[in-house]
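Below is one structure, written out as structure tokens; the observations come after it.
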Amino acid sequence: MSYKFGKLAINKSELCLANVLQAGQSFRWIWDEKLNQYSTTMKIGQQEKYSVVILRQDEENEILEFVAVGDCGNQDALKTHLMKYFRLDVSLKHLFDNVWIPSDKAFAKLSPQGIRILAQEPWETLISFICSSNNNISRITRMCNSLCSNFGNLITTIDGVAYHSFPTSEELTSRATEAKLRELGFGYRAKYIIETARKLVKDKAEANITSDTTYLQSICKDAQYEDVREHLMSYNGVGPKVADCVCLMGLHMDGIVPVDVHVSRIAKRDYQISANKNHLKELRTKYNALPISRKKINPELDHIRLMLFKKWGSYAGWAQGVLFSKEIGGTSGSTTTGAIKKRKWDMIKETEAIVTKQMKLKVELSDLHIKEAKID
DNA sequence: CAGGTC
DNA sequence: CCTGG
């Protein structure tokens, strides 16, 4: 079967599919080794229905090709959606040259490798990262796909591969149980997923909102980052690390650095970040007013987050993405055969990043406009 | 132990 | 604590 692909000019140093789709941000892109393309299901634009989307980067590495299966009449909508999903309004070259290299020597010997932060669907991001706790990427990938195939809706089957939607909070509450999830190998996270889905259904009803996406976006409205994180941590299985992942990748709070063991190691080893008694006391006082934060936040890790924000600025989360990729190197993703394979780290030759027309034409983000959360 | 949370 | 590499 062949499709009519749309095209988007984008240099590989600005976007490298292998480096962003299989590096632990998203867990549901399927890589077809033979066709050298990626596919998944996603909601396009403001729609609630899921479509199968196929992506590939051509040999010259300067064109991103895309198609939504069975939706060929609406190529522009997909193009607009992908520009938001990949955040093509943000130039990595600009961040390297004008922000990170001048302020951080570690970036001087690095170059943009097409590693960027995605704007993912927040509900899927929340559940995916609940699954990520104390876990490895290949199992997280299996779990996310298991949620879709067991509790999502069948969208279509292509070349023998069945594509499902990511289940909504209602679908999870009505179709899944903790016992069933345990059988499927979710371990102790089974309870977190069920309870989070239930609470989201309840929260949405109280807010009179039907869409998971819209609801989670609505908690950012007129809210500071600290309040958004407090709200996210009201869900079971969501601590500061998971909440920050949702803020960064699901709610596009670009300055948020999720602090895990790796980032913590980088911070101490390469940046000599360490909190003194005053710092920690200040943070404890600050979170005293927020009952859940007070309970869940580790002041020492939160201090690292703040110091890295100070170091890297309003796109600190993106800087973390770059360094993190370097730290853990290649990782695994799923393929059409279901096998989890080691991924080759996709290095880019040192070419001058070309700011494409699409980059200059800043994407209209009107329907995504969420009041920028203030970060200190 | 694995990109934490209870 | 679940599970698996």
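When reading the values below, keep in mind they use all heavy atoms of this one structure, side chains included, and skip hydrogens, waters and symmetry mates. The model shown is predicted, which means the values in this text are computed figures rather than measured ones. Just so it is clear: chains get the letters A, B, ... in the order the sequence lines come, proteins before strands, and each one is counted from 1.
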Provide, to the nearest angstrom, the distance between the CD1 atom belonging to A/I137 and the C1' atom belonging to B/dA2.
10 Å

Give the rounded distance in Å between these two atoms: CD1 of A/I193 and P of C/dT3.
13 Å

Identify whether A/V201 and A/I130 are in the same connected component of the hydrophobic contact network (ILVMFWY, side-chain heavy atoms under 4.5 Å).
no

If you check the A/N134 side chain, which of B/dC6, B/dG3, B/dA2 turns out closest?
B/dA2

Are any non-hydrogen side-chain atoms of A/P122 and A/T213 less than 4.5 angstrom apart?
yes

A/K296 side chain near B/dC6 phosphate (N/O to OP1/OP2, under 4.0 Å):
yes

Report the relative orientation of the aromatic rings in A/Y271 and A/W312; use parallel for angles under 30°, tilted for 30 to 60°, perpendicular for over 60°.
perpendicular

Rounded to the Å, how far apart are A/H262 NE2 and B/dA2 P?
6 Å

Counting the atoms with a prime plus P, OP1 and OP2 as sugar-phosphate, which does A/P240 contact under 4.0 Å by heavy atoms, base, sugar-phosphate, or nothing?
sugar-phosphate

When you check the phosphate oxygens OP1 and OP2 of B/dC6, does a side-chain N or O of A/N236 lie under 4.0 Å from one of them?
yes

Distance to the ring centre below 6.0 angstrom and angle to the axis at most 45 degrees; does that hold for A/R116 and A/F86?
no

Between A/M249 and A/Y192, who's closer to the 5' end of DNA chain B by nearest nucleotide?
A/M249

Counting only heavy atoms not in A/E282 (residues, nucleotides, ligands), do more than 12 fall under 6.0 Å from its CD?
no

Just how far, in rounded Å, is C1' of B/dC6 from CG of A/N298?
15 Å

Grab the CG-P distance between A/L126 and B/dT5 for me, whole Å please.
11 Å

Length of the line joining A/N136:CG and B/dG4:C1', which is rounded to integer Å
14 Å

Less than 4.0 Å between a side-chain N and a carboxylate O, is that true for A/E62 and A/K12?
no

Contiguous pairing runs of three or more, Watson-Crick or G-U under 3.5 Å, that involve DNA chain B:
none

Side chain to side chain donor-acceptor pair (under 3.5 Å) between A/E226 and A/Y287: does it pass, once the steps are laid out?
CA-CA 9 Å; A/E226 285 79 0; A/Y287 294 125; 5.0 Å; no

So with a 6.0 Å cut-off around CG of A/N208, is the heavy-atom count from everything else above 12?
no

Indicate yes or no: does A/D302 engage A/K286 in a salt bridge with an N to O separation below 4.0 Å.
no

A/K241 NZ to B/dT5 P: how many Å, rounded?
7 Å

Comparing A/I140 with A/M233, nearest DNA chain B nucleotide closer to 5' gives the residue A/I140

Check DNA chain B against residues 178-190 of chain A and give the residues with a non-hydrogen atom under 4.0 Å, in numerical order.
A/Y188

Between A/R175 and A/E170, is there a salt bridge with N-O shorter than 4.0 Å?
no

Side-chain contact check for A/V242: nearest option of B/dC6, B/dG4, B/dG3 is B/dG4

Integer-rounded Å distance: B/dG4 P and A/E300 CD
16 Å

